[in-house]
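Count residues from 1 along the sequence.
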Amino acid sequence: MDINIQKEEFSYAYIYAVVSAAGYSCQIASRPLDIGGIDIIISGVETEDSLYPPRLEVQVKSTSTSVLSTDSIRYPLKLKNYNELRKQRTLVPKILVVVLIPDDQSQWLNQSEDELCLRRCGYWLSLRGEPETTNTDKVTVYLPRQQIFTAGTIKNIMQQIETRGTL
């Protein structure tokens, strides 16, 4: 299998694990044609207090640890993807998740009878409302290192969507 496809699949497995641990469902968007740059759709169940069942669209990218700095992850996002994610007016909120994967493929996971450890983690960022750019190919986005894509993060994001309708 091509290494880039392998990284993509590993990133999806990471997202699935985090989302299911948070109590939400997750589905891969129409593959191989990701419509509007969306790779994964996260959904919840409507509750008595909700405006509607929460839904979040996610664009997933993967990369190595070479993009790390002290306080952020630098990721060169294609202009097309940047423009899709920065739209102010949208019915369903969208975020970018960049999953860091070790360069050494043998370090991607560790498995025993007691645990399955996926190495590194994902970081998330909402680009909603970001300004237009004069760039013609890519835009470097900076994902704060404190914005780790965790089960707790997903619960918070989905509750915010459920009660306010936005992110």
Side-chain angles (χ1 to χ4, degrees), residues 4 7-8 11-12 14-47 49-101 120-167:
N4 291 322
K7 287 179 180 180
E8 180 180 341
S11 297
Y12 290 167
Y14 170 84
I15 301 281
Y16 264 95
V18 170
V19 170
S20 65
Y24 294 94
S25 67
C26 189
Q27 75 179 80
I28 295 176
S30 306
R31 289 179 71 194
L33 302 171
D34 60 28
I35 311 251
I38 299 308
D39 298 308
I40 290 180
I41 300 166
I42 300 170
S43 302
V45 178
E46 188 172 10
T47 64
D49 298 327
S50 61
L51 297 171
Y52 53 87
R55 181 176 161 156
L56 178 66
E57 296 178 339
V58 181
Q59 177 156 122
V60 182
K61 300 294 181 186
S62 61
T63 189
S64 70
T65 56
S66 63
V67 298
L68 280 171
S69 70
T70 306
D71 57 352
S72 66
I73 285 74
R74 297 175 320 281
Y75 188 80
L77 187 63
K78 288 182 182 175
L79 182 61
K80 171 192 175 291
N81 299 132
Y82 176 79
N83 285 330
E84 290 166 341
L85 291 170
R86 71 177 193 82
K87 289 180 183 174
Q88 182 70 31
R89 296 181 59 181
T90 180
L91 290 175
V92 178
K94 298 171 175 49
I95 63 170
L96 170 67
V97 174
V98 176
V99 179
L100 296 186
I101 300 173
R120 295 304 306 177
C121 66
Y123 299 87
W124 72 277
L125 181 66
S126 172
L127 294 171
R128 184 179 183 167
E130 288 295 313
E132 286 187 47
T133 180
T134 57
N135 295 17
T136 57
D137 186 35
K138 294 183 180 182
V139 177
T140 299
V141 295
Y142 297 86
L143 295 89
R145 287 189 67 177
Q146 70 266 24
Q147 288 188 193
I148 298 174
F149 189 80
T150 65
T153 297
I154 283 300
K155 287 179 183 180
N156 290 337
I157 290 172
M158 295 300 277
Q159 287 169 355
Q160 188 173 347
I161 292 169
E162 189 174 11
T163 56
R164 293 187 208 139
T166 62
L167 183 60

Heavy-atom pair of closest approach, residues Ala151 and Val18: N-CG1, 3.4 Å

Interatomic spacing from CZ in Arg120 to OG in Ser62 - rounded to 0.5 Å: 13.5 Å

Approximate separation, where rounding is to 0.5 Å, of Thr140 OG1 and Asn135 CG: 7.5 Å

Heavy-atom side-chain contact between Arg128 and Gln88 under 4.5 Å: yes

Asp137 vs Leu79 side-chain heavy atoms within contact, under 4.5 Å: no

Note, Thr63 side chain near Leu100 side chain (heavy atom, < 4.5 Å): yes

pair Leu96-Gln59: side-chain heavy atoms closer than 4.5 Å: yes

CA sep, side-chain torsions, deciding dist, call: Ile28, Tyr16, side-chain contact (heavy atoms from CB on, under 4.5 Å): CA-CA 9 Å; Ile28 295 176; Tyr16 264 95; 3.8 Å; yes

Heavy-atom side-chain proximity of Trp124 to Ile157 below 4.5 angstrom: yes

Considering all heavy atoms, the nearest Arg86-Pro131 contact: CD-O, 3.7 Å

Flag side-chain contact, heavy atom, 4.5 Å: Phe149 against Tyr14: yes

Separation between OG1 of Thr153 and CE of Met158, rounded to the nearest 0.5 Å: 13.0 Å

Closest heavy-atom pair and its distance - Cys26, Val19: CB-CG1, 3.8 Å

Smallest separation among heavy atoms of Pro53 and Gly44, with atom names: CB-O, 3.6 Å

Sub-4.5 Å side-chain heavy-atom contact between Leu85 and Leu77: yes

Distance-minimising heavy-atom pair for Thr90 and Lys87: CG2-O, 4.2 Å

Gap between atom OH of Tyr142 and atom CD of Gln147 - 0.5 Å precision: 15.5 Å

CD1-CD distance between Ile40 and Glu57, expressed to the nearest 0.5 angstrom: 12.0 Å

Between CD1 on residue Ile101 and OG on residue Ser64, distance to nearest 0.5 Å: 9.0 Å

CD/Gln146: more than 12 non-hydrogen atoms of other groups inside 6.0 Å: yes

Least distance between heavy atoms, Leu68 atom then Arg74 atom: O-NH1, 3.7 Å

Close side-chain approach of Lys61 and Asn81, heavy atoms under 4.5 Å: yes

From CA spacing to verdict: side-chain contact (heavy atoms from CB on, under 4.5 Å), Tyr123, Val97: CA-CA 5 Å; Tyr123 299 87; Val97 174; over 6 Å; no

